[in-house]
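The first residue of the sequence shown is numbered 1, and numbering continues consecutively from there. Keep in mind that the numbers below use all heavy atoms, side chains included, and drop hydrogens, waters and symmetry copies. Here the structure is a predicted model, which is why all the values come from computation and not from measurement.
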Amino acid sequence: MNYKNNKWNEFQTNFLKTFGTTVPVYTPSIYREYRGEIFTTYHNREHPVNKLIPELSSIHSRFSRSYKDTLRGLHYDNKTWKLVQALVGEIYLVVLDVRENSSTYGKWESYIISERTRDQVLVPPGFANGHYAITDCIFHYNLFYQGEYVDENAQGVIKWNDSRFDIEWPTDRPILQKRDR
């Protein structure tokens, strides 16, 4: 099979166990050969995320680079969908339900995303997410929202080791910024 005949813009969909169909995981088709690989992270007409998020007005694409042992998060807001993926390296991702009236409030699930699988996790509004860099990594996220972007000054932050949620991280001494302490 060559590149032009491969359906490299298709995605397989699974769901994180704790949240049922609330938090989907997408695995893109990857075309691999002797030169490397090619895959699609998002397509405005063909990505399955478009069926879940009605009437988007903005898509904001961001990258973060983290050194091994860095922990970022837990951050959240109530209007932004985040489609997250590890482009380089391996990341321990935590998704926590912070919707107070939800039957799964306070429940969390962890997932390892990496450059090997190219899995993408769609974090809905009202869910906090944080990630720990198992290796040096590059984290990519597409943010979907209506209106103005909810930047870090307006986001909620939950301490990474908040005893109310008892989240299991692969470390007890991560590298943290002041905001996440």
Side-chain angles (χ1 to χ4, degrees), residues 11-28 30 39 41-42 47-53 61-64 66 68-145 150 152 155-177 179-181:
F11 292 81
Q12 175 186 346
T13 304
N14 295 301
F15 296 91
L16 295 182
K17 290 176 251 159
T18 302
F19 307 114
T21 60
T22 308
V23 181
V25 178
Y26 303 111
T27 304
I30 303 169
F39 60 96
T41 61
Y42 178 75
H47 198 289
V49 74
N50 298 325
K51 295 174 186 160
L52 293 176
I53 306 173
S61 187
R62 298 184 92 178
F63 296 84
S64 71
S66 296
K68 183 181 186 305
D69 297 323
T70 297
L71 194 149
R72 296 180 185 262
L74 300 154
H75 305 150
Y76 69 96
D77 67 64
N78 292 315
K79 79 179 226 181
T80 308
W81 295 79
K82 299 160 197 83
L83 183 62
V84 301
Q85 182 177 41
L87 293 181
V88 174
E90 188 170 69
I91 294 170
Y92 182 86
L93 176 71
V94 169
V95 179
L96 168 69
D97 189 348
V98 294
R99 301 170 301 162
E100 291 183 3
N101 296 326
S102 168
S103 63
T104 57
Y105 172 79
K107 303 272 188 217
W108 61 273
E109 191 158 344
S110 63
Y111 195 80
I112 294 179
I113 56 177
S114 74
E115 67 185 58
R116 285 187 306 283
T117 65
R118 302 289 185 205
D119 286 347
Q120 301 174 309
V121 177
L122 181 63
V123 181
F127 285 75
N129 72 98
H131 65 274
Y132 171 75
I134 296 170
T135 65
D136 288 357
C137 63
I138 296 177
F139 187 72
H140 175 246
Y141 43 113
N142 281 322
L143 307 165
F144 303 89
Y145 53 92
V150 179
E152 72 179 70
Q155 292 173 349
V157 178
I158 296 171
K159 190 173 178 182
W160 69 280
N161 60 353
D162 187 316
S163 60
R164 293 176 298 168
F165 304 112
D166 201 27
I167 296 172
E168 296 173 19
W169 294 96
T171 185
D172 58 358
R173 298 187 62 188
I175 299 167
L176 297 164
Q177 70 169 330
R179 174 184 181 206
D180 295 334
R181 288 192 186 120

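- We find the CZ-CZ distance between R99 and F127 to be 3.5 Å, quoted to the nearest 0.5 Å.
- Contact check for T70 versus Y132: no side-chain heavy atoms found under the 4.5 Å cut-off.
- Distance alone, capped at 3.5 Å, is enough to place a donor-acceptor pair between the E115 side chain and the G89 backbone.
- Minimum heavy-atom separation, I158 to A128: CD1-CB, 4.3 Å.
- The main-chain N or O of L87 is found under 3.5 Å from a side-chain atom of R118 such that the two form a donor-acceptor pair.
- Side-chain atoms of D180 do not come within 3.5 Å of backbone N or O of R72 as any donor-acceptor pair.
- Q120 places no side-chain N or O within 3.5 Å of a backbone atom of V84 that could act as its donor or acceptor partner.
- Taking the six-membered ring where the residue is Trp, the centroids of Y92 and H131 are separated by 6.0 Å or more.
- In this model, a donor atom of one side chain and an acceptor atom of the other lie less than 3.5 Å apart for D119 and Y111.
- Nearest heavy atom pair, residue R181 against residue L176, reads NH2-O, 3.1 Å.
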Given side chain to side chain contact (heavy atoms under 4.5 Å, CB included), test I134 with I91 step by step and report yes or no. CA-CA 5 Å; I134 296 170; I91 294 170; over 6 Å; no
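- Closest of all the heavy-atom pairs between L96 and F165 is CD1-CD2, 3.7 Å.
- When all heavy atoms of G126 and N78 are compared, the closest pair comes out as CA-OD1, 3.5 Å.
- Partners of H75 under the ring pair (Phe, Tyr, Trp, His ring centres under 6.0 Å) rule, at least two apart in sequence or in another chain, do not exist in this structure.
- Surrounding NZ of K79 are more than 12 heavy atoms belonging to other residues, nucleotides or ligands, all under 6.0 Å away.
- Checked by atom type, the side-chain pair Y145/D77 shows no donor-acceptor distance below 3.5 Å.
- At least one donor-acceptor pair closer than 3.5 Å links the side chain of D136 to the backbone N or O of K68.
- Contact between W160 and L71 at its shortest, heavy atoms only, is CB-CD2, 3.6 Å.
- Around atom CD of Q177, more than 12 heavy atoms belonging to other residues, nucleotides or ligands sit under 6.0 Å away.
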